[in-house]
Structures are given as structure tokens and as C-alpha cells.
Enquirer: 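Below are the C-alpha cells for one structure; questions will follow.
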Amino acid sequence: MRTENGKINIVLNGQKKHLKVKHVNPPLVERKEPSSQHKVLLDIEKELGTLVGLSEMKKIVQEIYAWIYVNKKREEQGLKAEKQVLHMMFKGNPGTGKTTVARLIGKLFVDMNVLSKGHLIEAERADLVGEYIGHTAQKTRDLIKKAIGGILFVDEAYSLARGGEKDFGKEAIDTMVKHMEDKQHEFILILAGYKNEMEEFLRTNPGLVSRFPIIIDFPDYTVDELMEITTRMLKEREYTLSKEAEWKLRNHLIQLKTTLFPSAFSNGRYVRNIIEKSIRSQAMRLLQEDIYRREDLITLESKDIVINS
């Protein structure tokens, strides 16, 4: 038996017969619409979609959602489902979206009944470290109390370990660690800071690694991503860049990325500052020229782009 041109040749008793093969297309798999029970995830994905880049972070948020959801299903089936420890560490340069993401995570967790409030308490070394023995522990406890039901977000957390054994920063760390254990399901602690400094911070405090099961890197934006951020920010404000202004800004960002250390470049925050200064510069130019046509009002020209030297 052999096949020729869509036919099967069968030899029976020396006689060759031809059977035509009828090709049947497999049934199309109907794509299921997202289940309404996952509306929380769909809503948070929509909000995350407004953020440029951050692909690793978006993937981890999806995994956290799946982890929590499946554990609830395990509980319904009488299976072991330990409560998840969701304390996190964010590593990245300023302006890479760490605080914004922390707020979105708070919203996700309150929608999933993981947190009762989902609010964000922001803190840095000065908010935690006191001036005398016992003062630091009290200040830290007070902040944690405010964060119950939500998230305590400590920026530049590595600075707590830089003062040596006699520095009160160590007391703040010890107090946070104790409450992470005692109240681990009542609030979420997120420590944030520069990547290298946070990695050094973990090395000097080996016990912290196991207490932060979720560590997310926030990479620097590429020039294309920074230009996309610029476009979105301007669109929200009903402005646009002329071709010359776009070229000037892009080349400036390329120069920054190639000549400065990453830690000296504050990414999205830096772009926002340029936009705000440039809008003020454009307003001054239009006032002096006494020109207020619609096209002029919405367009930032090359001469309006204020570049920090």
C-alpha cells in the first residue's frame, strides 16, 4: 500500500484499486473567554499594562496570583495549604517603578483578601532609626502598626546595615525581622534599593534571605522604553514632541546611557522632570511670542526641551 496524490493505492489479489482520501479538518478549538472569577487578575494585568517594560515583575505578579488562588482550591479539597509568606525585596535604580508596583501589589492583595486594607506606608532610614537605645525599636514598631493590613515599603533599606555594630540601624532590622515572624500574615514588608547595595545587604544579614521569598529585579529602562514613557506622559497631558524635539531628547538619553554609571541615571523619574521643565519652557516661549494656536499649544519644540547639564 502506498499513497499518491491524496489517494491510497491498495493491491488485492494482484489487482490495484484506488481509494480517494477525504481530508477532514480538525475541529477548531474554541477559545474560552477569561473566567469572571479571575477578574481580579485581569484588572491588575490591565493596570500593569500601563507600565512600560518590567516583564519579570509582571510575570511574578501572575505567579503570585496563581499561587494564592490554587492554594485556596487546595483548602477547599481538604489538602494542606500553608499560608504564603509574601514579604518581598525590590532591587533596582531610582525611577524604575518600584513604588508604583508596590501600590499595585497592595491593591491586588486586598482584592484577593490577602490584606485587609492594602495601603502603602513608605519609610526610609530616618523614619526607623532613633537617637538613643530603645528609640529605634519604638519608631519601627509604630510604623509597622500603621502598616498592619497593608504594606510597609522601606526604600534604601541597605542603609540600615551601614553603621556598624553600634549603629541603631541594626536595631531597626532586628525589630522588623521579629514582626515579620510574629505578624507575617498581617502585613507585607517590602525592602527596596539599588541592586548591588541590596545584594551586599543580604550578604551582611544571611538570615534575611529566607525571610524574603520574593525578590524582584527592576532593570533600567532602555532608550526606546524611556521614549515610550515620554510619549505616554505627554499624551496624558495633551502634548506632543516635534520631530526635532524627539531627536534631541532621544540623543540625550543615548548619551546618558553610554557615558554615565547606571546609578547616576534615574530613568522614568528623570524623563518626567525633563517633561515638566520643558512644558514650563514652552509656556514662556509662547507668552513671549504671543502665539496660542492649538498646534502651538500642544507641541514641544526642540528649543523647549530642557536638558540638565
Side-chain angles (χ1 to χ4, degrees), residues 60-61 63-64 67-68 71 75 80-92 98-99 101-110 112-218:
I60 288 176
V61 169
E63 290 175 352
I64 292 171
W67 183 22
I68 295 169
N71 255 13
E75 284 182 342
K80 287 184 178 179
E82 296 180 2
K83 283 191 174 182
Q84 297 84 6
V85 176
L86 295 169
H87 300 304
M88 305 180 191
M89 187 167 288
F90 290 177
K91 299 187 295 183
K98 297 187 293 297
T99 307
V101 170
R103 288 196 182 96
L104 287 177
I105 286 175
K107 182 180 184 302
L108 170 65
F109 287 167
V110 77
M112 293 193 70
N113 297 317
V114 174
L115 293 172
S116 59
K117 297 178 183 177
H119 61 299
L120 185 74
I121 300 295
E122 296 183 58
E124 54 187 23
R125 179 185 165 90
D127 301 308
L128 296 163
V129 178
E131 300 173 358
Y132 50 84
I133 295 174
H135 190 208
T136 294
Q138 186 58 51
K139 289 182 74 172
T140 304
R141 282 195 298 267
D142 289 344
L143 272 177
I144 292 172
K145 186 176 179 180
K146 290 180 183 178
I148 293 297
I151 294 172
L152 176 58
F153 181 86
V154 182
D155 201 9
E156 298 184 0
Y158 52 82
S159 64
L160 295 171
R162 284 188 164 175
E165 286 297 318
K166 295 183 180 180
D167 183 73
F168 293 133
K170 185 176 182 300
E171 188 179 357
I173 296 171
D174 293 341
T175 305
M176 283 192 291
V177 167
K178 183 179 186 305
H179 284 77
M180 284 170 68
E181 296 295 329
D182 297 346
K183 303 179 185 295
Q184 62 179 294
H185 303 303
E186 296 178 44
F187 82 107
I188 290 172
L189 176 64
I190 298 179
L191 300 186
Y194 292 109
K195 182 177 180 179
N196 292 339
E197 282 81 349
M198 291 304 288
E199 289 174 355
E200 179 63 28
F201 176 53
L202 286 176
R203 283 193 289 271
T204 57
N205 297 273
L208 287 176
V209 177
S210 61
R211 291 180 169 88
F212 290 92
I214 302 169
I215 299 178
I216 303 177
D217 284 315
F218 286 73

Enquirer: With a 3.5 Å distance limit and no angle check, can you tell me whether K139 reaches the backbone of V129 through a side-chain donor-acceptor pair?
Expert: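 Pair found, side chain donor or acceptor close to backbone of V129.
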Enquirer: Do V154 and M176 touch side chain to side chain, with heavy atoms closer than 4.5 Å?
Expert: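 The answer is yes; the side chains approach within 4.5 Å.
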Enquirer: Rounded to the nearest 0.5 Å, how far apart are CD1 of I121 and CG of D127?
Expert: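 Reported to 0.5 Å precision, the distance equals 10.5 Å.
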Enquirer: Any carboxylate oxygen within less than 4.0 angstrom of a Lys/Arg side-chain nitrogen, looking at R125 and E156?
Expert: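 The answer is no: the pair does not qualify as a salt bridge.
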Enquirer: Would you say that I68 contacts L86 through its side chain, given a criterion of any heavy-atom pair below 4.5 Å between the two side chains?
Expert: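 Side-chain contact under 4.5 Å: yes.
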Enquirer: Write down the atom of G149, the atom of S116, and the distance for their closest heavy-atom approach.
Expert: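 Here G149 and S116 meet closest at CA-OG, 3.3 Å.
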Enquirer: Could you tell me which residues satisfy side chain to side chain donor-acceptor pair (under 3.5 Å) with K145, sequence neighbours excluded, listed by chain and number?
Expert: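 With neighbours one apart ignored, the set is empty.
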Enquirer: Supply the atom-to-atom distance F109 CZ to L104 CG, rounded to the nearest 0.5 angstrom.
Expert: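 Between atom CZ of F109 and atom CG of L104 there are 11.5 Å.
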Enquirer: What are the two closest heavy atoms between L143 and A123, and how far apart are they?
Expert: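 Shortest heavy-atom separation between L143 and A123 comes out as CD1-CB, 3.7 Å.
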Enquirer: Rounded to the nearest 0.5 Å, what's the gap from NZ on K178 to CD1 on I144? Could you check?
Expert: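 Reported value, rounded in 0.5 Å steps: 9.5 Å.
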Enquirer: Is the distance between the ring centroids of H87 and F187 under 6.0 Å?
Expert: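 Distance test on ring centres: under 6.0 Å, yes.
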Enquirer: Excluding sequence neighbours, so at least two apart, what forms side chain to side chain contact (heavy atoms under 4.5 Å, CB included) with K107?
Expert: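 If we apply the side chain to side chain contact (heavy atoms under 4.5 Å, CB included) test to K107, skipping adjacent residues, the hits are E47, D111.
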Enquirer: Run the side-chain contact (heavy atoms from CB on, under 4.5 Å) check on L191 and Y158 step by step: do they pass?
Expert: CA-CA 8 Å; L191 300 186; Y158 52 82; over 6 Å; no
Enquirer: Could you tell me which residues satisfy side chain to side chain donor-acceptor pair (under 3.5 Å) with E124, sequence neighbours excluded, listed by chain and number?
Expert: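 Result, side chain to side chain donor-acceptor pair (under 3.5 Å) vs E124: none returned.
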Enquirer: In the structure I gave you, are the side-chain heavy atoms of T175 and T136 within less than 4.5 Å of one another anywhere?
Expert: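 No; the side chains remain at least 4.5 Å from each other.
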Enquirer: Under the ring pair (Phe, Tyr, Trp, His ring centres under 6.0 Å) test, which residues partner F218, sequence neighbours left out?
Expert: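 Result, ring pair (Phe, Tyr, Trp, His ring centres under 6.0 Å) vs F218: F90.
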Enquirer: Looking at NZ of K98 and CD1 of I216, how far apart are the two atoms once the value is rounded to the nearest 0.5 Å?
Expert: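 Reported value, rounded in 0.5 Å steps: 12.0 Å.
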Enquirer: Roughly how far apart are I215 CD1 and I60 CD1, rounded to 0.5 Å?
Expert: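 Nearest 0.5 Å value for the CD1-CD1 distance: 9.5 Å.
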Enquirer: Pair I190, L120 - check side-chain contact (heavy atoms from CB on, under 4.5 Å), show working.
Expert: CA-CA 10 Å; I190 298 179; L120 185 74; 5.6 Å; no
Enquirer: Got M89 and L202 here, is their nearest side-chain heavy-atom distance under 4.5 Å?
Expert: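 Side-chain contact under 4.5 Å: yes.
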Enquirer: With E200, which residues qualify under side chain to side chain donor-acceptor pair (under 3.5 Å), at least two apart?
Expert: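 R203.
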Enquirer: Would you list the pairs meeting salt bridge (Lys or Arg N to Asp or Glu O under 4.0 Å) in which at least one residue belongs to residues 114-123, sequence neighbours left out?
Expert: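 Counting only pairs at least two positions apart or across chains, the salt bridge (Lys or Arg N to Asp or Glu O under 4.0 Å) contacts touching residues 114-123 are R103-E122.
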Enquirer: Report the C-alpha separation of F153 and I105 in whole Å, then their side-chain angles, then the decisive distance to 0.1 Å, and conclude whether the side-chain contact (heavy atoms from CB on, under 4.5 Å) test is met.
Expert: CA-CA 11 Å; F153 181 86; I105 286 175; over 6 Å; no
Enquirer: Within the 4.5 Å heavy-atom criterion, are I64 and M88 side-chain neighbours or not?
Expert: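 Yes - at least one pair of side-chain heavy atoms lies under 4.5 Å apart.
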Enquirer: So, for M198 and A157, which heavy atoms are closest and what is the spacing to 0.1 Å?
Expert: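 Here M198 and A157 meet closest at CE-CB, 4.2 Å.
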Enquirer: Quick check for you: to the nearest 0.5 Å, what is the distance between T140 atom OG1 and H135 atom NE2?
Expert: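 T140 atom OG1 to H135 atom NE2 measures 9.5 Å (nearest 0.5 Å).
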Enquirer: Donor-acceptor pair, K195 side chain versus D217 backbone, under 3.5 Å?
Expert: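 Not confirmed, K195 side chain does not pair with D217 backbone.
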